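Have a look at the structure below before the remarks.
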There are 2 protein chains.
Amino acid sequence: MRSLAHPEKGELQLDAVLSALADPIRRQIVGYLAASPGTHACSAFNLPVTKSTSTHHFRVLREAGLIRQDYQGTAILNSLRTEDLDAQFPGLLQAVLKPTNVAPLSPVVDVHDRD
Amino acid sequence: MRSLAHPEKGELQLDAVLSALADPIRRQIVGYLAASPGTHACSAFNLPVTKSTSTHHFRVLREAGLIRQDYQGTAILNSLRTEDLDAQFPGLLQAVLKPTNVAPLSPVVDVHDRD
DNA sequence: TCTATTGTACGATGTATTCCGTACTACGAT
DNA sequence: ATCGTAGTACGGAATACATCGTACAATAGA
């Protein structure tokens, strides 16, 4: 079973978190995870970039500690590390994800991946 | 009297604000302005970079709408746009500036510039 | 075993960012 | 008029970042 490295809750860096959130595509990912709790495969996000770019953005989010990624077969289950983030940076996620701030880029259609 | 361009309160972009806050030097500036309300000349911040780099960071903050810059003689009075930011992105400033998150790089000594 | 699906690795490219030094402007004070 | 102070403009160097295409790895299912 493959697995991916994640920073511990106590290791989260504000620098990395803010840099990760500064990109609109990554904010779209985080916004979707926040709006649709649970786990979602990378392919469910309808991002306006290629697969390899998508991989890059998910990795940035994981390495910053914003999301957790667990393999399930060939897919990856992505989830938001809400509790860890709220513990380390209280209020930050809520502030960034306020509805008015979430860019509704693509409406994320055709999702069929609930766990 | 020289003057500098600022985005209107309603024009603030979350993208630009988060990018601006992602840099530790700029967060140091914002943190100092938040901790010491009022206006402060650029030279009062004891930043670990040269004058020209300092100018660059202040401009990024101004163009993102985080600070206001008004000439007074040859100096510039910098102030935090707290109200505009709280109106557009409620909770964001507080979350980013939580004491534990503010890197105490240099203690900012020898300040003699209260208005 | 073969095939399709999901995502990764790697290298390339263009752009943006950070930082510097030097020369300059604007202003106040002498 | 001259000088010092505060900050800007400009150009350059190093680095980082977003993006892509192609080739590959891992897994599930037929």
Side-chain angles (χ1 to χ4, degrees), chain A residues 1-6 13 15-30 39-64 67-79 103 105 110-115, chain B residues 1-6 13 15-29 39-64 66-79 103 105 110-115:
Chain A
M1 178 75 99
R2 287 177 290 176
S3 79
L4 295 159
H6 295 76
Q13 301 289 320
D15 241 12
V17 169
L18 289 177
S19 296
L21 289 172
D23 183 281
I25 293 191
R26 291 195 289 262
R27 244 178 8 254
Q28 183 184 352
I29 295 171
V30 170
T39 60
H40 303 272
C42 297
S43 55
F45 289 79
N46 281 88
L47 301 176
V49 291
T50 63
K51 269 200 307 177
S52 43
T53 302
S54 176
T55 295
H56 162 69
H57 286 303
F58 278 99
R59 177 168 44 215
V60 171
L61 287 171
R62 171 171 49 81
E63 292 181 345
I67 64 173
R68 184 170 301 284
Q69 299 194 287
D70 298 295
Y71 274 103
Q72 177 142 92
T74 141
I76 281 185
L77 300 184
N78 295 280
S79 55
L105 279 184
D110 200 4
V111 180
H112 44 65
D113 61 347
R114 310 276 256 130
D115 53 327
Chain B
M1 175 77 97
R2 288 176 291 176
S3 79
L4 294 159
H6 294 77
Q13 301 289 320
D15 241 13
V17 170
L18 289 177
S19 295
L21 289 172
D23 184 280
I25 291 189
R26 291 194 290 261
R27 246 184 0 262
Q28 183 185 351
I29 295 172
T39 60
H40 302 271
C42 298
S43 54
F45 290 79
N46 279 90
L47 301 176
V49 291
T50 63
K51 268 201 307 179
S52 45
T53 301
S54 176
T55 295
H56 161 71
H57 286 302
F58 278 100
R59 177 167 45 216
V60 171
L61 287 171
R62 172 171 49 80
E63 293 181 346
L66 279 155
I67 65 172
R68 183 171 301 284
Q69 296 196 289
D70 298 296
Y71 273 104
Q72 176 144 93
T74 141
I76 281 186
L77 300 184
N78 296 281
S79 55
L105 280 183
D110 202 4
V111 180
H112 44 65
D113 62 346
R114 308 275 259 137
D115 54 331

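A quick note: this is a predicted structure, and the numbers were derived from the prediction, not measured. Order of the sequence lines fixes the chain letters, A, B, ..., with proteins taken first and strands second; residue numbering starts at 1 for each chain.
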_Set of side-chain contact (heavy atoms from CB on, under 4.5 Å) partners for B/Thr74, sequence neighbours left out_ = none
*Please report, rounded to the nearest Å, how far the P atom of D/dG7 is from the CD1 atom of B/Ile29.*
11 Å
*Could you state the atom-to-atom distance from CG of B/Leu77 to P of D/dT5 in whole Å?*
19 Å
*B/Leu47 has an atom CG; how far is it from atom P of D/dA6, in whole Å?*
14 Å
*Look at the side-chain N and O atoms of B/Arg59 and state whether any lies under 4.0 Å from the OP1 or OP2 oxygen of D/dG7.*
no
*Of the nucleotides D/dA18, D/dG7, C/dG7, which one has an atom closest to the side chain of A/Ala75?*
C/dG7
_Quick check for you: among C/dT18, C/dG7, D/dG7, whose closest atom lies nearest to any side-chain atom of A/Thr55?_
C/dG7
*Once you round it to whole Å, what is the distance between P of D/dA9 and CG of B/Leu4?*
8 Å
*Sequence-distant partners of B/Arg68, side chain to side chain donor-acceptor pair (under 3.5 Å), two or more places apart*: none
*Measure from the side-chain N and O atoms of A/Arg62 to the backbone N and O of A/His6, and report whether any donor-acceptor pair falls under 3.5 Å.*
no
_Any base atoms under 4.0 Å from B/His57, or only sugar-phosphate, or nothing? Heavy atoms, all strands._
sugar-phosphate
*Euclidean distance, atom CG of residue B/Asp15 to atom C1' of D/dC17 [Å, nearest integer]*: 14 Å
*Which residues pass the side-chain contact (heavy atoms from CB on, under 4.5 Å) test with B/His56, sequence neighbours left out?*
B/Arg26, B/Val60
*Does A/Asp15 have any side chain to side chain donor-acceptor pair (under 3.5 Å) partners at least two apart in sequence or in another chain, and if so, which?*
B/Arg27
*Determine, for nucleotides 20-30 of chain D in 5'-to-3' order, which nucleotides have protein heavy atoms under 4.0 Å from the base (write B), from only the sugar-phosphate (write S), or from neither (write -).*
BB----SBS--
*Please figure out whether B/Arg62 or A/Val60 has its closest DNA chain D nucleotide nearer the 5' end.*
B/Arg62
*To the nearest angstrom, how far is B/Leu18 atom CG from D/dC17 atom P?*
16 Å
*Can you tell me if CD on B/Gln13 sees more than 12 non-hydrogen neighbours from other groups inside 6.0 Å?*
no
*Whole-Å gap separating C1' (D/dT19) and CZ (A/Phe58)*: 16 Å
*In terms of side-chain heavy atoms of B/Ile25, which of C/dC19, C/dG7, D/dG7 is nearest?*
C/dC19
*asked:* Just the rounded figure in Å: distance from P of D/dT8 to CG of B/Asn78.
replied: 9 Å
*Please tell me which of the listed nucleotides, D/dT19, C/dG7, C/dT18, lies nearest to the side chain of B/Asp23?*
C/dT18
*Applying side chain to side chain donor-acceptor pair (under 3.5 Å), name anything that partners B/Thr53, two or more places apart in sequence or on another chain.*
B/Thr50
*Select base, sugar-phosphate, or nothing to describe what A/Tyr71 touches, counting heavy atoms under 4.0 Å on all strands.*
sugar-phosphate
